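One structure is given below, encoded as structure tokens.
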Amino acid sequence: MASDTYNYIKIEEKWQKKWFEEKIYLANKQNNKKFFIHFAYPGVSGYLHVGHMRGFTYCDIIARYKRMQKYDVIFPAGFHASGIPSIGFAKKVERKDNQTIKSLKEYGLDEKHIQKLSDPNEVVTYFAKVYVEDYWKKFGFLIDYSRIMSTISEGYKKFITWQFLKLKEKNLLIKKPHFAPFCPNCGPVAVDKSETDISKGGSSEILEFTVIKFIMTDKTILPAATLRPETIFGVTNMWINPDVEYIKAKIGSEKWILSKQAFEKLKNQIDNVEETNEKIKGKDLIGNTCKIPIIGREIPLLSGSFADPNVATGIVMSVPAHAPFDWIALVESGENIEPITIIDVKGYGTNPAKQECEKLGIKSQNETEKLDLATEEVYKNEYHKGYLNEKCAKYAGIKISDIKDEVKNELINNNHATLMREFSEEVICRCQTPVLIKQIPDQWFIKYSDIDLTDQTKKYSESMNIYPQDYKNELPGVLDWFDDRACIRQGSWLGTEFPFKKGWIIEPISDSTLYPAYYVISKYVNEEKIKPSDMTEQFFDYIFLNKGKSQKPIWYEIKKDFDYWYPVDINLGGKEHKTVHFPVFLMNHVAVMPKEKRPRGIFVHWWVTQKGKEKISKSKGGAEHIKEAATKYGVDSMRLYYAHVGSPFVDIEWDEETVTKYKNRLANIFKQIQSFKELKNQKNENLDKWLRSNLQRTIKKTFDAFENFDLRVATNEIFFEMQKTISWYIKRGGSNKEIIDSFVKNWLLLMTPITPHMSEELWTNYAKSGFISNEFYSKFDETKISEKDEIGEYLLQGVTDDISEILKVTKIIPKKIFIYTSPSWKQKIFRKAITLKSENKLEMRMFMKEIMSEPSMKSNAKQVSQYASKIFGEVKKLSESDKNKYIAEINEKDYLKSAEEYLKKLFSSEIKIFNTDDKDIYDPEGKTRFAVPLRPAIFIE
RNA sequence: GCAGGGGUACCCGAGCGGUCAAAGGGGCAGGGCUUAGGACCCUGUGACGUAGGUCUUCGAGCGUUCAAAUCGCUCCCCCUGCACCA
């Protein structure tokens, strides 16, 4: 294979081997300025796909850029192994889940190894290796691999234990009852969109019903569950499903009638619940009456088939004036009951429910879809615009949005009601059992609602570098909204035992808030310079809080490290972390760490999705294995793809063809750079200076973009603009070895953070020694900027465009092209105007006077005044950069002459270049009069 | 309802007061290279135009400005989170 072919597989392997053998990734204290970057470590839940690599790649790009800017970069990584994912994975292996076994086999594991993975700890060990070897190293990441850690390691657990001791000290651990999803079979489960624990209902939410105790004549309680307790004043009747067999239960000292299903749920939520053997058919209840608590009004029990025994208590209170379901059921029942309107809303008459039903043409309680719509509409209007009316006694005149909780609390406080939690949709556990909501009487929480903590964090976040800006603006709101978080779980979870309650495990969000600090220590643990058993409270207090004294020399060494590297400069994570991980990351730092150790920056990136904005997933295809993709497209191509295909702050769609295009582009650049070797060395003063100048401008632009973590802009400059620039230079006939060399050298340096492997290869080809990854950037050199030559090329570009345009329109095949640059008097006038404008003194009368004061102008007064007035308006509109262009002293004729050969070739025509001031100009059509500065006149024959 | 983000040429997407008929891809059309190959290169791709021009366009409509895709207001539509919905 020829050396100029882009054999990315070989190249990537070769350089990774070298980097990792020489451990160039180690964080060293050398330059006295440091940069700490890390990504939100991944959970260990199985093989990752190409989407995950986006954020990791951003991190490596930034880290590599910073190290080339002479920062001591520390870029550590680890695994979030706590929680259930790895247990879930092990369980799947144990029960021989087809998908799982298949994927493991595809990855090349043998039976024996697969068997081992029924142990969660083995799962973590295995995937930790896959992540490091097959993902991170394959992508050439200069992660400090000496610091790799996992959240279930002994050392880490010590660290988390310490953190919770500190939280307790600060009174940020509190105890209160909690209601959590629970599977009777498997214990606690997490209900979230990823559905790791469950097989159905991931988007379900926990609703809080108020169960109002209606009293029957024999004192039995008829508990009606509602989300709108304030409507109690408008209740006209109850709905009982005639086809359901209800049961009687003892709740405390009370006797309740409710559905069997409701009872099963309540058993987990309320104490002293006991089933009796008594049952009663729904239809037997109908016809009885009961009393509304507080109000005492007596109401009938009617037949309502829509009362679902699976929802809440199975018994529904009827508010026909405000609930469309109730209204329609009432109409259908044929009962002569008058709805009671208790909420006045602008835009509604006396019966909002009826009104909405009529609007939507609802005729029957079976039209649930329409009824849901109507309900939503009524509620929306009432909640925001409604006031309780005079029928609501002391609550009259109060806005619904303000009253809701008040009514609820009064009912509860007077034992007229209680609460019941219920999922908004059915949730089924992985084991196929329905998930319930269970009360945990004294759950521990981290008190994120703490006002002082919240305020401090909000205030601090203002001083941080947060990307994108939108998130920075959003963050204070998120911090306010963030409520206490239950921080321990009981069940089969991996993690650290909670120091204040035996057998309970700290849950995974709470154990990953301060973890970047542990990267400083993990190195010493990995190297066995300190044993987890030595990592006591005093140890961490000393390292992190500067409390107490160093008890061993190694303590001092670690502390020096911590003080050098900490705080975090950038914590980078996907948008899913915006409302969970990042807020707790900040709040814990603010709560526990000294002020100067608080994080300095957060970078949020969006996702890689599949076509149609679907979240990438294996079942829907497109989730290419990272290892395969790396072979298919090349790692550098993928890095370039991530960096360039979209802004970091939008979702991008994974598209194989697009990745292929990037691969081709890289191959082109690779070949192009190789081809420069064959150029003959030849100078071309103007052009050379132009290239040199352009290079510096690009460097400036690229650095600026990188400094703002504007990776896409930087990448665009490097891989698109720079290629255009050098192509133009070559096309124009540029061939100066020294200049090209310097351009290429800088180009390769700039490319390195994004496509490090290719850069290394070309760097060696260019007979440079050492790793380009270890090189430093040279500073932007303003002295190499040559405005004149930049303008010259701008002029030339304009001339060629104009000629092309003329040729296109006239369809002439040119024999001779005449170019006339503008006469000096026009240039003078133009410059004059610009100067005056810059001084803010451009005014017509003065302008003319000043021009005419020159004798040479007077002799040409007519043309001069014509031109001056024409230019007057134009100059007023000029932008700053245009002004610079026009004011520069450039000999247009000479510049164009230097490009004569190029023009000749380009148009296959003879080229004649004149200045309008020249004598004996050939100008049969008097085109010279059109010549203006930087816009020569053209005549073609 | 609250909060946030959007609507840009055939498509994806950048731009976010003048350098914008609007980057960059892709698609399409033509040409080149060639073992005429889905690789690569060049040209074109709003309309009109036999001289470098003119006209119309950045969801819709008003407005601010010498100047608006870019700023303000109103409206329509899409997405995300939260709230809410027996």
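For clarity, every value in this text was computed on a predicted model and none was experimentally measured. Just so it is clear: chains get the letters A, B, ... in the order the sequence lines come, proteins before strands, and each one is counted from 1.
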(Q) Can you confirm if the NZ or CZ of A/R485 lies within 45° of the ring axis of A/Y448 and under 6.0 Å from the centre of its six-membered ring? (A) no
(Q) Using the P atom as the point on both nucleotides, what is the distance between B/rU56 and B/rG4, in whole Å? (A) 37 Å
Q: Run the salt-bridge test on A/K578 and A/E474 with the 4.0 Å N-O cut-off and return the result as yes or no.
A: yes
Q.
Let's see if you can work this out: which of B/rA51, B/rA86, B/rC82 has an atom nearest to the side-chain heavy atoms of A/W481?
A. B/rC82
Q. Sequence neighbours excluded, which residues qualify as salt bridge (charged side-chain N to carboxylate O under 4.0 Å, His left out) partners of A/D480?
A. A/K458
Q) Starting at CD of A/E230 and ending at C1' of B/rA86, how long is that distance when rounded to a whole Å? A) 12 Å
(Q) Of the options B/rC85, B/rG81, B/rC40, whose atoms approach the side-chain atoms of A/R228 most closely? (A) B/rC85
Q | Spacing of the P atoms in B/rA21 and B/rG46 (rounded, Å) | A | 14 Å
Q. Ring centroid separation for A/Y820 and A/F939, is it under 6.0 angstrom?
A. no
**Q.** Candidate nucleotides B/rA51, B/rG52, B/rA39, ranked by approach to the side chain of A/N664 - the nearest
**A.** B/rA39
Q | C1' gap between B/rC48 and B/rC16, integer Å | A | 30 Å
Q. Does the ring centre of A/F719 sit less than 6.0 Å away from the ring centre of A/H644?
A. no
Q) When you match A/K578 and A/E925 each to their closest nucleotide on RNA chain B, which lands nearer the 5' end? A) A/K578
**Q.** Qualifying residues under side-chain contact (heavy atoms from CB on, under 4.5 Å), relative to A/D243, sequence neighbours excluded
**A.** A/N241
Q. If we take the P atom in both B/rU70 and B/rA83, what is their distance in whole Å?
A. 35 Å
**Q.** side-chain contact (heavy atoms from CB on, under 4.5 Å), paired with A/S693, selected from A/E793, A/E787, A/E790
**A.** A/E790
**Q.** Residue closer to the 5' end of RNA chain B, A/K731 versus A/V713 (nearest nucleotide)
**A.** A/V713
Q.
Heavy atoms only, 4.0 Å cut-off, all strands: where does A/A323 land among base, sugar-phosphate and nothing?
A. nothing
Q) Which part of the nucleic acid, if any, lies within reach of A/A224 when heavy atoms closer than 4.0 Å are counted: base, sugar-phosphate only, or nothing? A) nothing
Pairwise N/O distances under 3.5 Å, protein to nucleotides 21-30 of chain B:
none

(Q) Measuring only the P atom in each nucleotide, how far is B/rC33 from B/rA69? A whole number of Å is fine. (A) 43 Å
Q) Which part of the nucleic acid does A/F209 contact within heavy-atom distance under 4.0 Å: base, sugar-phosphate only, or nothing? A) sugar-phosphate
Q: Run the salt-bridge test on A/E208 and A/K408 with the 4.0 Å N-O cut-off and return the result as yes or no.
A: yes
Q. If the C1' atom of B/rG7 is compared with that of B/rC75, how far apart are they to the nearest Å?
A. 14 Å
Q.
Whether the side chain of A/K826 engages the backbone of A/R929 through a donor-acceptor N/O pair (distance < 3.5 Å, no angle test) should be reported.
A. yes
Q: Identify all stems in which RNA chain B takes part, counting only runs of at least 3 consecutive pairs (Watson-Crick or G-U wobble, each distance under 3.5 Å), and give each as one range with another, ordered by first number.
A: B:1-7 with B:76-82, B:10-12 with B:24-26, B:27-32 with B:40-45, B:46-48 with B:53-55, B:59-63 with B:71-75
Q.
Nearest whole Å is fine: how far is B/rC82 P from A/K575 NZ?
A. 12 Å
Q | Whole-Å distance separating the CG atom of A/L711 from the P atom of B/rA14 | A | 14 Å
**Q.** A/K927: salt bridge (charged side-chain N to carboxylate O under 4.0 Å, His left out) partners, not counting sequence neighbours
**A.** A/E925
Q) Considering only the C1' atoms, how many Å lie between B/rG26 and B/rC76, rounded to the nearest integer? A) 30 Å
(Q) Applying side-chain contact (heavy atoms from CB on, under 4.5 Å), can you list everything that pairs with A/A714, at least two apart in sequence or on another chain? (A) A/T702, A/A705, A/F706
Q: Just call it for A/N668: base, sugar-phosphate, or nothing, with non-hydrogen atoms closer than 4.0 Å on any strand.
A: sugar-phosphate
Q: List for me each residue that meets ring-ring contact (aromatic ring centres under 6.0 Å, His included) alongside A/W327, sequence neighbours excluded, and say none if there are none.
A: none
(Q) Under 4.0 Å, heavy atoms only, any strand: does A/P814 hit a base, just the sugar-phosphate, or nothing? (A) nothing
Q: Can you sort out the partners of A/T755 under side chain to side chain donor-acceptor pair (under 3.5 Å), two or more places apart, ordered by chain and number?
A: none
Q: Between B/rA22 and B/rA9, how far apart are the P atoms? Round to whole Å, please.
A: 15 Å
**Q.** Residue pairs fulfilling side chain to side chain donor-acceptor pair (under 3.5 Å) with at least one residue in residues 802-812 of chain A, sequence neighbours excluded
**A.** A/D802-A/R935
Q. When you measure from every atom of RNA chain B, which of residues 799-812 of chain A have a heavy atom less than 4.0 Å away?
A. A/D802, A/E805, A/I806, A/K808, A/V809, A/T810
Q | Exercise: identify the closest heavy-atom pair between A/V244 and A/P309 | A | CG2-CG, 3.7 Å
N/O-N/O pairs, protein side and nucleotides 5-10 of chain B side, under 3.5 Å:
none

Q: Tell me, please, which residues at least two apart from A/Y467 pass ring-ring contact (aromatic ring centres under 6.0 Å, His included).
A: A/F709
**Q.** Atom pair distance, as rounded to whole Å: CG in A/D710 and C1' in B/rC16
**A.** 13 Å
Q. Counting any heavy atom closer than 4.0 Å, what does A/Y471 reach on the DNA or RNA strands: base, sugar-phosphate only, or nothing?
A. nothing
